[in-house]
Amino acid sequence: MATATNATTPTLIGSVQRALRLLEAAASHREGAPAKVLAREAAIPLPTAYHLLRTLTHEDYLRREKGVFVLGEAVGRLALGESVQNRRSRLEDALQHWRDAIGVPVYFALYREGEIELVAISDTPYAPAVAEWADFRETGHAHAIGQCLLSQLDENARRDHLDRHPVQPVTPYSVSDRRTLLDRLATTGRMQPVVERQEYALGTVCAAIPVTAGSCVATMAISLPLHQEERLLPAIEQLRKGIGGLLGALAFSISI
């Protein structure tokens with residue numbers, strides 16, 4: 001009679017374990033090590049080690065140079081993935097801090113490769129974010145995030161964006177034409193908050209502040225229901241004053 005397998009015992013793949021031990025051994029030799037050394041340190045028979053090393057080299061986890069094996073680019077990509085996750089976690093923690101401190105949804109966005117990119121939002125069921133009912137990239141002229149980002153561009157980049165994403169009313173309160181928008185953007189102070197009232201979503205007011213993170217064009221923003229409009233300017237001012245402590249997390253997020 002066959003013995004029942006314990007449901008709590010994991011199924012382990014020996015070849016995967018051995019390959020990982022080889023990678024760990026290779027990582028301990030900055031200048032690389034030959035197959036015999038790696039096999040001995042990983043406690044793997046040499047013929048088996050050769051097969052695994054060949055596979056790891058083919059998949060770019062190892063690279064063979066002058067008879068020794070060193071870590072390949074695929075290992076670096078794994079480390080980069082972890083780094084990106086860490087950066088995103090730092091950004092999310094920062095947004096959550098200000099969401100809870102001010103009691104409003106908090107947004108972080110970039111202008112990257114000619115497009116508006118909403119990177120992260122932190123909200124709660126009691127203070128929900130504005131629903132993206134019209135594509136943020138296409139309607140930058142109509143929301144505080146987009147207007148704040150566009151105000152930081154030079155004139156040529158701003159006009160190029162509007163050539164690709166023409167100004168058109170999104171709500172009855174939206175800016176009505178390109179000339180009016182350009183005039184508004186031209187008079188926006190460098191560190192002045194951008195405020196819009198029901199231009200993107202009826203019943204909502206929003207404010208955004210520019211973020212200086214290297215050469216990146218970025219912004220943080222908040223939103224509130226129209227009936228709480230009196231809270232908007234004090235809340236964005238509180239965020240503006242505290243933004244210095246966020247710059248490290250925000251700068252990291254540029255490469256996310």
Side-chain angles (χ1 to χ4, degrees), residues 60 73-74 76-95 98 105-123 129-170 174-175 177-186 188-194 196 199-201 206-223 239-240 243 246-256:
D60 204 24
E73 291 185 4
R77 290 195 293 271
L78 289 177
L80 177 61
E82 181 181 2
S83 178
V84 168
Q85 183 59 42
N86 288 339
R87 290 196 295 270
R88 181 169 291 279
S89 178
R90 288 186 62 185
L91 172 64
E92 290 173 351
D93 288 346
L95 296 187
W98 286 104
V106 182
Y107 310 74
F108 178 64
L110 302 170
Y111 193 81
R112 182 155 47 187
E113 297 181 356
E115 297 295 345
I116 293 167
E117 183 178 336
L118 186 58
V119 177
I121 303 172
S122 186
D123 65 350
V130 177
E132 187 177 351
W133 71 273
D135 192 328
F136 264 41
R137 294 169 299 180
E138 301 286 339
T139 58
H141 59 281
H143 50 73
I145 286 173
Q147 292 176 23
C148 187
L149 293 173
L150 292 174
S151 72
Q152 298 176 65
L153 302 179
D154 61 39
E155 185 175 349
N156 289 336
R158 194 179 296 162
R159 291 180 182 277
D160 172 72
H161 181 91
L162 296 178
D163 286 343
R164 292 180 287 110
H165 303 300
V167 174
Q168 52 187 345
V170 177
S174 302
V175 62
D177 60 81
R178 178 181 176 128
R179 182 71 264 164
T180 301
L181 176 67
L182 288 173
D183 288 345
R184 180 192 295 184
L185 296 177
T188 300
R190 185 171 180 274
M191 298 306 294
Q192 178 182 337
V194 173
E196 59 92 353
E199 293 184 45
Y200 176 78
C206 301
I209 50 176
V211 173
T212 302
S215 60
C216 179
V217 174
T219 184
M220 289 188 68
I222 62 173
S223 63
L239 180 62
R240 188 188 66 78
I243 204 169
L246 287 173
L247 290 181
L250 300 179
F252 274 129
S253 72
I254 294 170
S255 59
I256 291 176

Let me confirm one number: the [atom1]-[atom2] distance from [X] to [Y], rounded to the nearest 0.5 Å.
X: Leu181; Y: Ser151; atom1: CG; atom2: OG; result: 10.0 Å
X: Arg178; Y: Thr180; atom1: CZ; atom2: OG1; result: 12.0 Å
X: Glu155; Y: Leu185; atom1: CD; atom2: CG; result: 11.0 Å

Checklist entry - Checking Gln152 side chain against Ala218 main chain: does a donor-acceptor pair fall under 3.5 Å? => result yes
Checklist entry - Counting only N and O atoms by type, is there a donor-acceptor contact under 3.5 Å from the side chain of Asp123 to the main-chain atoms of Pro105? => result no
Item to check | Short N-O contact, Asp160 and Arg164, less than 4.0 angstrom | outcome: yes
Checklist entry - Aromatic rings His143 and Phe136: how do their planes relate, parallel, tilted or perpendicular, breaks at 30° and 60°? => result parallel
Which pair of non-hydrogen atoms, one from [X] and one from [Y], has the smallest distance, and what is that distance?
X: Ala109; Y: Ile145; answer: CB-CG2, 3.5 Å
X: Gln168; Y: His141; answer: O-NE2, 2.7 Å
X: Leu95; Y: Ala120; answer: CD1-CB, 3.6 Å
X: Arg158; Y: Leu153; answer: NH2-O, 2.8 Å
X: Leu118; Y: Tyr107; answer: CD1-CB, 4.2 Å
X: Ala208; Y: Cys148; answer: CB-CB, 3.7 Å

Checklist entry - How far apart are the C-alpha atoms of Val167 and Arg179, what are their side-chain angles, what is the distance that settles it, and do they pass the side chain to side chain contact (heavy atoms under 4.5 Å, CB included) test? => result CA-CA 9 Å; Val167 174; Arg179 182 71 264 164; over 6 Å; no
Checklist outcome for this item: Tested for side-chain contact (heavy atoms from CB on, under 4.5 Å) against Arg184, the lone hit among Leu150, Val194, Val175 is Val175
Tell me, do [X] and [Y] make a side-chain contact under 4.5 Å, heavy atoms counted?
X: Tyr200; Y: Glu132; answer: yes
X: Leu182; Y: Leu162; answer: yes
X: Val170; Y: Glu199; answer: no
X: Ile116; Y: His161; answer: yes
X: Cys216; Y: Leu110; answer: yes

Next on the checklist: For Gln192, give me all partners under side-chain hydrogen bond (donor to acceptor under 3.5 Å, both in side chains), at least two apart in sequence or on another chain.
Outcome noted: none
Checklist outcome for this item: Residues passing the salt bridge (charged side-chain N to carboxylate O under 4.0 Å, His left out) test with Asp177, sequence neighbours excluded, are none
Item to check | Whether over 12 other heavy atoms sit under 6.0 Å from Arg137 CZ | outcome: no
